[in-house]
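Everything below concerns the one structure shown next.
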Amino acid sequence: MIGARFDRGMKSRELKHSAVLDFSAVPPYDFVLTVHKPGGWSLLTPEEVFENEVLWTAMRVPTGELFGLKLTSIGTVEKPRVRCWVYSDHKFGRVEKANLSRAINFTLNLKEDLKEFYALSRRDSLVRALTEDLCGLRNTKTPDVFSRLILAVTLQMAPISRSDQMMGLLISEFGESVRFDGKEIAYWPSAAIVAEASVRELERRCKLGYRAKALKGIAGVVRRGFPSLEELETMLPDEARARLMELKGIGDYSADIVSPHFGFALDVWSAKIFSLLMFGKVPENPREAIPRIKRIAEERWGKWRGYVFIYVLHDLKNLSRRYGLNLTEV
DNA sequence: GCGTCCAGGTCTACC
DNA sequence: GGTAGACCTGGACGC
C-alpha cells in the first residue's frame with residue numbers, strides 16, 4: 001500500500017492517541033456496501049485501505065485537522081452497529097469527541113431513513129432491481145467540502161484515467177498523510193495549501209491544465225470561509241446548489257457532485273448508461289440528452305433520484321446481466 | 001513516429 | 001436568453 005506517492009516528501013504525521021466510538025444506524029444499513037462501494041469509489045480518500053471488512057481511512061474536519069479512522073461493523077444489516085477507532089496526535093477532549101462523533105455520523109449517513117426509497121420498488125421495476133442487488137447501501141458524505149470540490153473539478157471534461165491521474169498527483173504533490181495502527185493513509189491537500197500554490201505549479205506538478213486556475217480560486221474562497229457540507233445540508237437543495245455555483249469553475253454538474261443533497265449528477269458517461277436503461281439505446285449526442293434525462297428522472301423518482309443515480313452506478317454488472325445490456329463498457 | 005481528434009464541463013463573448 | 005468556441009492533457013487512432 002505504501003507506494004511511490006509516499007516517497008516524494010509528503011508531510012506525514014504519526015497519530016498515537018486513539019478513542020473508540022460506537023454508532024447505531026437506521027436499518028437496512030450494509031456497512032461493507034456503504035464504505036467499500038461495488039463501483040470502487042472510496043469513502044474519504046482514494047488512498048484508504050480496506051481489508052477483511054475493516055476500513056482504514058482519514059478524515060479532515062472543518063477546523064482543518066486530519067484524523068485517522070479505523071471502521072468496522074459490529075452489527076448486521078437489520079441491526080446495524082459500527083465501531084470506529086479515531087486516531088490523533090493529541091489526547092481527545094470531551095467536546096472534541098462529541099464533534100468527531102457528529103462528523104462520523106454525518107459521513108456514514110447513519111440516520112437517513114430510506115423507507116420511502118425502498119417503497120418505490122413496489123411500483124418501479126428498476127428501483128426493485130437496485131434494492132434487491134444493493135440492499136442496505138447508503139450514500140455517504142464527507143465533512144471536508146474542499147475534497148469534494150477537487151473531485152468535481154478533476155472529473156470535468158476528462159476520461160476517468162485522466163481524472164485519477166490529476167487526483168493522484170494533487171495528493172502526492174500537495175496532500176498529507178497520517179500513520180496509525182500500522183497503516184499510512186494519504187489524504188487530499190487542504191484548501192490553504194492549494195491557495196498558496198501558484199497556478200503554474202498546479203498545472204505543471206498536477207497536470208491540471210486549464211483547471212488549475214479554477215481550483216486555486218476555489219481554494220482561496222474555501223480558505224477565506226465557505227459553508228461546510230454540514231452547513232450546506234441545512235440549506236434547501238436549490239440554495240445549496242446556488243452557493244456552490246457561485247464558485248468559479250463549479251457548474252451544474254459539479255454542484256450535484258459536491259452537494260450533500262445528493263443531486264442527479266449526470267455527465268456524458270452516466271447519460272449513456274441511463275439512456276440505455278431507460279430507452280434501450282445510447283443517444284447520438286449524449287451531452288444534449290442530459291437535460292431531458294434529468295427532467296425524466298425528477299418526474300419518475302422525485303427526491304430519491306440521487307439514490308437511484310448512486311445505486312445504478314454501483315450496480316452496473318448486475319444490471320447488465322439482468323437487462324442483457326453492456327453497461328460497463330459505455 | 002507523427003498528427004489529429006476528442007473526452008465523465010464551464011465560462012465567456014457574441015448575437 | 002441561447003449558443004458556439006476555447007480550454008489542458010494524454011490516449012486512441014490512422015497514416
Side-chain angles (χ1 to χ4, degrees), chain A residues 37-42 46 139 145-174 194 197-222 226 240-259 262-279 281-295 297 305-306 308-317 319-320 325-330:
Chain A
K37 293 192 169 63
W41 302 4
S42 53
N139 213 340
V145 68
F146 188 59
S147 68
R148 297 294 294 180
L149 289 161
I150 292 176
L151 176 71
V153 169
T154 53
L155 283 175
Q156 293 169 9
M157 201 60 189
I160 194 65
S161 56
R162 170 110 172 82
S163 300
D164 281 344
Q165 178 194 44
M166 290 186 275
M167 288 188 268
L169 286 168
L170 272 163
I171 290 173
S172 63
E173 295 293 323
F174 293 97
V194 175
S198 70
V199 171
R200 182 73 192 116
E201 267 187 302
L202 293 168
E203 283 173 347
R204 190 172 47 81
R205 292 169 61 185
C206 305
K207 299 186 187 295
L208 290 182
Y210 68 92
R211 302 168 192 82
K213 196 175 166 189
L215 192 63
K216 182 176 163 65
I218 290 167
V221 174
V222 172
F226 189 78
R241 276 173 57 79
R243 282 306 301 271
L244 287 163
M245 288 172 70
E246 284 172 11
L247 298 167
K248 201 167 175 182
I250 299 299
D252 192 55
Y253 163 78
S254 298
D256 277 339
I257 295 273
V258 178
S259 173
F262 303 142
F264 202 75
L266 212 61
D267 51 24
V268 166
W269 168 66
S270 48
K272 290 179 191 169
I273 289 167
F274 274 89
S275 293
L276 270 170
L277 276 173
M278 297 198 290
F279 317 121
K281 61 177 184 180
V282 173
E284 262 180 47
N285 189 332
R287 203 179 291 283
E288 282 179 7
I290 288 173
R292 179 168 163 249
I293 298 170
K294 287 184 93 157
R295 201 169 49 245
R305 62 194 184 282
V308 173
F309 184 80
I310 290 296
Y311 268 59
V312 163
L313 297 190
H314 289 295
D315 199 30
L316 296 179
K317 282 183 191 163
L319 292 175
S320 296
L325 299 166
N326 191 2
L327 299 170
T328 56
E329 302 289 332
V330 297

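Naming convention: chains lettered A, B, ... in sequence-line order (proteins, then strands); numbering from 1 in each chain.
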When the distance from [atom1] of [X] to [atom2] of [N] is rounded to whole Å, what number comes out?
X: A/K248; N: B/dG9; atom1: NZ; atom2: C1'; answer: 15 Å
X: A/I257; N: B/dT10; atom1: CD1; atom2: P; answer: 9 Å
X: A/M166; N: C/dC8; atom1: CE; atom2: P; answer: 13 Å
X: A/L170; N: C/dC8; atom1: CG; atom2: C1'; answer: 14 Å
X: A/R162; N: B/dG9; atom1: CZ; atom2: P; answer: 13 Å
X: A/L169; N: C/dT9; atom1: CG; atom2: P; answer: 12 Å
X: A/L215; N: C/dC8; atom1: CG; atom2: P; answer: 14 Å

Look at the side chain of A/R211 and decide which nucleotide, out of B/dT10, C/dC8, B/dG8, has an atom nearest to it.
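From the listed options, C/dC8 comes nearest.
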Taking the side chain of A/Y210 as heavy atoms from C-beta outward, which of B/dG8, C/dC7, B/dT10 is closest to it?
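Of the options given, the side chain of A/Y210 lies nearest C/dC7.
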Return all side-chain donor-acceptor pairs below 3.5 angstrom for residues 211-221 of chain A, not counting sequence neighbours, or 'none' if the list is empty.
residue : atom : partner : partner atom : Å
A/R211  : NE   : A/Q156  : O            : 3.2
A/R211  : NH1  : A/L208  : O            : 3.2
A/R211  : NH2  : A/Q156  : O            : 3.0
A/R211  : NH2  : A/M157  : O            : 3.1
A/K216  : NZ   : A/A195  : O            : 2.6
A/K216  : NZ   : A/A197  : O            : 2.8

Quick one: is B/dT10 close enough that its OP1 or OP2 comes under 4.0 Å of any side-chain N or O from A/S254?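 The answer is yes; a side-chain N or O of A/S254 sits under 4.0 Å from OP1 or OP2.
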Scan for salt bridge (charged side-chain N to carboxylate O under 4.0 Å, His left out) pairs involving residues 245-254 of chain A, sequence neighbours excluded, and state none if there are none.
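Qualifying pairs: A/R241-A/D252, A/R243-A/E246, A/D252-A/K294.
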For [N] versus [M], give the span between their [atom1] atoms, rounded off to a whole number of Å.
N: C/dC8; M: B/dA13; atom1: P; result: 15 Å
N: C/dG2; M: B/dG8; atom1: P; result: 27 Å
N: C/dG11; M: B/dT10; atom1: P; result: 24 Å

Fill in: Row check, A/F279 ring normal vs A/R292 NZ/CZ: under 6.0 Å, within 45°
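Here A/R292 passes the 6.0 Å and 45° test against A/F279.
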Dot-bracket assigned to DNA chain C with the 3.5 Å Watson-Crick/G-U criterion, [ ] for crossing and | for other-strand pairs, is |||||||.|||||||
Do the ring planes of A/H314 and A/W41 sit parallel (below 30°), tilted (30 to 60°) or perpendicular (above 60°)?
->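 The arrangement is perpendicular - the two ring planes meet at more than 60°.
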If you find the nucleotide of DNA chain B closest to A/K272 and the one closest to A/G249, which residue's nucleotide is nearer the 5' end?
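Result of the comparison: A/K272.
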Between A/D256 and A/S259, is there a side-chain donor-acceptor contact under 3.5 Å, judged purely by atom types and distance?
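Short answer, no.
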- Heavy-atom distance under 4.5 Å between the side chains of A/L313 and A/W269, does that happen here?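 Yes, close enough: below the 4.5 Å cut-off.
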